[in-house]
Amino acid sequence: GYKPVEADALVAMGTARFKLAAFDEAKRSLREAVRVGNGARHDEAALRAWALLIDAEGEGRGDFAAAHEHARDAHSALERIGGHDAYRGALLRVEANVYYREGQRDRALALATEAAACLDRAHGPTALEGVDAQVLLGVLAGEQGQHDRARRHHERALASGEATLGARHPAVAAIVMNLGIVTEKQGRRAEAAEQYSRSLQLMEEVLGPEHVQVSFPLVNLANLHVAAGQPSQALPLATRASSLRRAALGPRHPLYASALRAAAGAHARLGDEAEARRAYEEAVSIYDGARNPRVVEPLLGLALLEEGQGALEPARKHLQAALERALAVHGPSTEEIAHIEAALGRHWLHRGQPERARRLLERAVATYEALLGPEHPVLLEPLTAFGEAHLATGRSGDARALLERAVAVGALPWTDPQAAAGARFALARAIVADEGPSAAARALAESARSIWAGAGPRSRRALAAVDRWLSGPGSPRR
């Protein structure tokens with residue numbers, strides 16, 4: 001009869017709409033495909049439709065509850081026809097991705113591992129069907145600090161993708177972007193920027209510059225430029241990503257919120273504090289509405305913005321809220337927690353509680369070192385604050401050792417020059433506290449001053465502090 005053919009056509013229509021990011025229209029086609037497929041006993045079409053429905057709800061619309069409901073129905077359908085590896089692997093892979101988006105990484109890892117095994121048995125280890133599971137395993141390994149393992153998963157996915165799809169395909173471009181994320185986690189920011197740029201170029205050429213998929217390398221590039229202290233380069237990338245996502249996904253989608261957060265970071269670094277606050281607060285509202293765990297990122301951004309404005313108590317409240325929400329989802333030794341503990345450490349340092357700051361910064365630095373290695377650019381500001389906490393509690397020798405490390409990290413490519421200046425000025429003070437005034441200490445402070453003098457209004461306070469120190473009675477003379 002024609003019903004199985006109708007079910008296949010509906011799945012194809014839903015797939016096409018999903019790829020165009022028309023998720024509501026995709027849902028209608030896929031739900032009808034499930035209905036028709038079940039009625040025609042065309043189980044393969046029904047299961048393919050279920051898997052796409054889970055992706056459309058979880059990845060596309062950010063509706064995790066609906067995605068899990070579809071997954072339960074899909075598992076029931078799978079049990080009726082027997083646990084075929086190909087169907088089971090495809091279903092587990094999309095379900096794992098939903099758990100990953102929710103922040104439930106242990107559950108995501110277990111499901112993705114099982115999915116990869118099913119798909120390898122069904123199709124072979126180099127087949128295209130296993131690529132998405134390998135990519136997710138790579139992402140999860142990277143977030144656990146297992147970067148070599150992450151790279152192996154992504155490189156396997158890339159080899160399979162290029163062999164079956166060719167080098168100029170959007171799926172291949174996405175894998176290149178994920179390799180860029182691993183490279184960035186390994187501290188090689190210049191190389192990561194090249195991989196993000198290659199991914200962006202491929203997506204623009206294959207999909208067109210207005211496709212929503214283009215926004216993913218745009219956001220990664222924007223965040224990388226912000227981290228490197230290059231907000232002028234970051235802002236147009238983040239603004240373009242925000243426009244693409246708002247147009248394709250709507251103004252309440254979590255992916256739009258992540259683009260807003262990237263734009264807010266650039267605005268904050270450029271000194272446009274009102275626009276940064278607006279974007280951060282909108283991102284918080286969107287994530288809260290979707291009960292998305294990534295709300296901690298704009299909360300942290302708001303806290304850092306308030307800290308810079310001297311609004312210490314509002315900053316503390318946002319930091320505490322971010323920590324409580326992050327701990328509800330992530331383990332204590334994760335990057336997310338380290339980011340917040342490092343910010344809390346700097347907060348208590350500014351409030352004159354260096355011992356409290358030191359304990360927080362010690363944990364944050366240890367987590368970063370375990371996950372990213374001892375010389376990653378992310379360590380620049382936490383090491384500096386950790387050294388300053390030691391200095392404030394009379395441990396000038398320990399402070400000096402930490403700050404020498406921070407200065408070395410600040411000399412790496414693609415690090416924020418203003419943060420590097422902060423490490424140099426702190427080391428100058430530690431040297432004077434440890435051994436008395438010296439030419440080396442003065443040279444460090446003057447090099448910090450030259451960076452801040454050319455950085456505009458955002459560095460006005462730091463510039464005033466170094467000028468006071470250089471002209472003070474205990475500072476090194478020329």
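Just so it is clear, the values below take in all heavy atoms, side chains as well, and ignore hydrogens, waters and symmetry mates.
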J.: Testing R48, K27, R93 for salt bridge (Lys or Arg N to Asp or Glu O under 4.0 Å) with D55, which one passes?
T.: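 By the salt bridge (Lys or Arg N to Asp or Glu O under 4.0 Å) criterion, D55 pairs with just one of R48, K27, R93: R93.
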
J.: Show me the side-chain donor-acceptor pairs of residues 335-345 shorter than 3.5 Å, one per line, residues at least two apart or across chains.
T.:
unit_1 : atom_1 : unit_2 : atom_2 : d
E335   : OE1    : K185   : NZ     : 2.5
E335   : OE2    : K185   : NZ     : 3.3
E336   : OE1    : R105   : NH1    : 3.2
E336   : OE2    : R105   : NH1    : 3.2
E336   : OE2    : R105   : NH2    : 2.4
H339   : ND1    : Y368   : OH     : 2.6
E341   : OE2    : R363   : NE     : 3.1
E341   : OE2    : R363   : NH2    : 3.1

J.: Which heavy-atom pair separates P293 from V329 by the least distance, and what is that distance?
T.: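 The pair with the smallest heavy-atom distance is CB-CG2, 3.8 Å.
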
J.: Whether the H211 and E204 side chains hold a donor-acceptor pair (N or O, under 3.5 Å, no angle test) is what I'd like checked.
T.: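 There is no such pair (donor and acceptor under 3.5 Å, judged by atom type) between the side chains of H211 and E204.
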
J.: Among residues at least two apart in sequence or on other chains, which ones pass side chain to side chain donor-acceptor pair (under 3.5 Å) with Q195?
T.: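 Q195 satisfies side chain to side chain donor-acceptor pair (under 3.5 Å) with T183 once adjacent residues are dropped.
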
J.: Ignoring hydrogens and geometry beyond distance, is a side-chain donor-acceptor pair present between Y100 and E143 at under 3.5 Å?
T.: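 Judged by distance alone, the side chains do pair up.
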
J.: Begin from the C-alpha positions of Q146 and R149 and carry the test side-chain hydrogen bond (donor to acceptor under 3.5 Å, both in side chains) through to its verdict.
T.: CA-CA 6 Å; Q146 300 173 11; R149 181 179 163 201; 2.6 Å; yes

J.: Would you list the pairs meeting ring-ring contact (aromatic ring centres under 6.0 Å, His included) in which at least one residue belongs to residues 26-71, sequence neighbours left out?
T.: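 Sorted result for residues 26-71: W50-H70, H68-Y99.
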
J.: For the pair E79 and R72, find out whether any cationic side-chain nitrogen is under 4.0 Å from an anionic carboxylate oxygen.
T.: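 Here E79 does not pair with R72 in a salt bridge, since their nearest N and O are not under 4.0 Å apart.
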
J.: For a quick check under 3.5 Å, do E306 and H318 share a side-chain donor-acceptor pair by atom type?
T.: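 Result is yes, a qualifying pair exists.
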
J.: Do R294 and S258 have a side chain donor and acceptor closer than 3.5 Å?
T.: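 S258 and R294 do not have a side-chain donor-acceptor pair below 3.5 Å.
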
J.: Do E155 and R152 meet the salt-bridge criterion of a basic N to acidic O distance under 4.0 Å?
T.: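 No.
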
J.: Can the positive tip of R245 be found less than 6.0 Å from the middle of the six-membered ring of F216, inside 45° of the ring normal?
T.: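 Yes, a cation-pi geometry holds between R245 and F216.
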
J.: Between R156 and D120, is the closest basic N to carboxylate O distance under 4.0 Å?
T.: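 Answer for the salt bridge query: yes.
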
J.: Do the side-chain N and O atoms of H147 and Q186 include a donor-acceptor pair separated by under 3.5 angstrom?
T.: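 The answer is no; no qualifying pair exists.
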
